[in-house]
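Beneath this line is the structure, given in structure tokens, with notes to follow.
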Amino acid sequence: MEFLCYHRDRSDSNALRGELIEDHWSYMDGYAAELIARGPTFADDGETASGSLHIVDLPDPAAARAFAFDEPNYQAGVYRDVLLRRWHNTLGRTMWDFPGGPTDGNRYLVIGLGAGEAADIVMPPDKDELIAYGPLLSDDGTTWLGTAVLLRAPDQAAARAVLVPGRYADIEVHDWEFGGRR
């Protein structure tokens with residue numbers, strides 16, 4: 001089962017995040033085989049971390065909750081909240097398989113939160129710019145709760161446009177980069 005885990009940082013936690021970077025990476029090393037995508041998001045200045053995204057393949061919702069809440073930054077209070085949802089890997093690949101590589105162009109995390117009839121089940125036509133794409137689902141995988149996308153785009157407006165306007169209660173767009181050890 002695939003899960004999207006997005007930890008949002010507290011506004012005053014950047015120094016603590018820096019102190020814990022090795023603990024965070026070591027923790028994630030234990031999940032290397034299960035990771036589909038990972039990486040930090042950034043505030044509008046493009047440099048201050050604002051969150052941490054992980055898409056991971058785990059056996060069940062209990063394992064996903066353990067993954068999210070045992071994470072060292074969470075335990076130390078770096079994060080203000082956690083979005084944890086079942087997710088379906090529509091592309092069927094990891095971020096490391098993205099043909100555009102890890103550094104060329106602007107990268108974004110787009111999260112559309114919705115309810116009711118599913119939207120954006122069919123991928124956009126320009127799949128070459130998609131790093132990860134799929135629906136957010138209830139724990140049992142039967143109810144559509146939104147869509148999450150990692151993509152390369154010229155700017156935030158173009159990234160937001162990947163989701164159908166008017167079908168979501170909220171659409172978040174975050175600057176994002178490939179994560180892991182440098």
Side-chain angles (χ1 to χ4, degrees), residues 1-89 93-98 102-103 107-114 131-141 143-151 159 169-182:
M1 288 181 194
E2 298 147 336
F3 296 87
L4 179 134
C5 179
Y6 181 47
H7 293 94
R8 292 179 179 91
D9 286 15
R10 285 189 349 232
S11 60
D12 61 347
S13 65
N14 221 30
L16 180 57
R17 175 191 262 272
E19 292 171 21
L20 294 169
I21 194 71
E22 183 56 39
D23 293 342
H24 170 75
W25 284 345
S26 293
Y27 182 79
M28 291 304 154
D29 288 348
Y31 290 93
E34 292 83 9
L35 285 167
I36 295 167
R38 68 185 286 189
T41 59
F42 296 92
D44 291 339
D45 66 10
E47 298 197 14
T48 304
S50 63
S52 189
L53 170 79
H54 297 91
I55 301 175
V56 63
D57 190 356
L58 295 169
D60 55 47
R65 283 189 288 280
F67 170 83
F69 298 116
D70 291 345
E71 195 276 337
N73 286 344
Y74 180 82
Q75 290 293 311
V78 170
Y79 304 128
R80 69 176 166 92
D81 62 58
V82 178
L83 172 66
L84 180 61
R85 290 282 181 250
R86 284 266 312 260
W87 184 77
H88 176 69
N89 187 0
R93 66 178 185 214
T94 71
M95 72 179 203
W96 297 277
D97 300 323
F98 174 59
T103 58
R107 310 305 171 92
Y108 299 97
L109 164 63
V110 181
I111 300 172
L113 301 174
I131 300 165
Y133 187 94
L136 298 168
L137 304 165
S138 59
D139 276 357
D140 65 6
T143 304
W144 177 84
L145 301 173
T147 306
V149 184
L150 293 172
L151 76 156
D170 187 31
I171 296 177
E172 303 174 14
V173 180
H174 305 274
D175 289 348
W176 173 82
E177 70 179 31
F178 279 49
R181 295 185 187 278
R182 308 273 183 280

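Any value given below was found using the heavy atoms of this structure, including those in side chains, with hydrogens, waters and symmetry copies removed. As the structure is a computational prediction, the values presented were derived from the model and not from experiment. Just so you know, residue 1 is the first one in the sequence shown, and it goes up from there.
The closest side-chain heavy-atom distance from D70 to Y27 is below 4.5 Å. Using a 4.5 Å cut-off on side-chain heavy atoms (C-beta onward), F3 and D57 make no contact. Side-chain atoms of F42 and E47, non-hydrogen and from C-beta on, never get closer than 4.5 Å to each other. In this structure, the side chains of Y6 and L84 stay at 4.5 Å or more apart for every pair of heavy atoms. Residues R86 and S138 are not in side-chain contact: their nearest non-hydrogen atoms beyond the backbone lie 4.5 Å or more apart.
If you check the side chains of H24 and E22, you find no donor sitting under 3.5 Å from an acceptor. Under 3.5 Å, the side chains of S26 and D23 contain no donor-acceptor pair of N or O atoms. Under the 3.5 Å distance criterion, with hydrogens and angles disregarded, no donor-acceptor pair is assigned to the side chains of Y108 and T41.
The CG atom of L35 sits 9.5 Å away from atom OG1 of T94, with the distance rounded to the nearest 0.5 Å. A distance of 9.5 Å separates CG of L113 from OG1 of T147, quoted to the nearest 0.5 Å. One finds the NE2 atom of H88 at 8.5 Å from the CG atom of L137 (value rounded to the nearest 0.5 Å). One finds the CD1 atom of I36 at 4.5 Å from the CG atom of N89 (value rounded to the nearest 0.5 Å).
Pairing each heavy atom of M95 with each of I131, the nearest pair is CB-CG2, 3.7 Å. Closest non-hydrogen pair, C5 versus V82, comes out as SG-CG1, 4.1 Å. Minimum interatomic distance between G180 and W25 (heavy atoms only, all atoms of both residues): O-CZ2, 3.4 Å. Of all heavy-atom pairs between V149 and L151, the closest is CG1-CD2, 3.9 Å. Across all their heavy atoms, L109 and W176 have their closest contact at N-CB, 3.8 Å. The two atoms that bring A148 and L136 nearest to each other are CB-CD2, 3.9 Å, heavy atoms only.
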Could you check I171 against V110 for side chain to side chain contact (heavy atoms under 4.5 Å, CB included), going step by step and ending with a plain yes or no? CA-CA 7 Å; I171 296 177; V110 181; 3.9 Å; yes

Between M1 and L58, is the side chain to side chain contact (heavy atoms under 4.5 Å, CB included) condition met? List the steps. CA-CA 5 Å; M1 288 181 194; L58 295 169; over 6 Å; no

Check against side chain to side chain contact (heavy atoms under 4.5 Å, CB included), V56 and E2: CA-CA 6 Å; V56 63; E2 298 147 336; over 6 Å; no

If you apply the rule salt bridge (charged side-chain N to carboxylate O under 4.0 Å, His left out), what do you find for D175 with R107, and how did you get there? CA-CA 6 Å; D175 289 348; R107 310 305 171 92; over 6 Å; no

Set out, in order, the CA-CA distance, both residues' side-chain angles and the distance that settles side chain to side chain contact (heavy atoms under 4.5 Å, CB included) for L53 and L4, then state yes or no. CA-CA 7 Å; L53 170 79; L4 179 134; 3.8 Å; yes

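Ion pair D9/R17 flagged as a salt bridge, since at least one NZ, NE, NH1 or NH2 atom sits closer than 4.0 Å to an Asp/Glu carboxylate oxygen. Under the 4.0 Å criterion applied to side-chain N and carboxylate O atoms, R181 and D29 are assigned as salt-bridge partners.
Atom CG of D44 has 12 or fewer heavy atoms from other residues, nucleotides or ligands within 6.0 Å.
Looking only at distances, no side-chain donor or acceptor of W87 sits under 3.5 Å from a matching main-chain atom of I55. Although no hydrogens or angles enter the test, the distance criterion places a donor-acceptor pair under 3.5 Å between the side chain of Q75 and the main chain of F69. Of the possible polar contacts, none joining the N73 side chain to the G77 backbone as a donor-acceptor pair under 3.5 Å is found.
The aromatic rings of F67 and H54 stand perpendicular to each other, their planes meeting at an angle above 60°, with 30° marking the opposite boundary.
Legend: salt bridge (charged side-chain N to carboxylate O under 4.0 Å, His left out) pairs involving residues 73-83, not counting sequence neighbours, sorted by first then second residue: R8-D81.
Under the rule for a ring pair (Phe, Tyr, Trp, His ring centres under 6.0 Å), the partners of H7 that lie at least two apart in sequence or sit in another chain are Y79.
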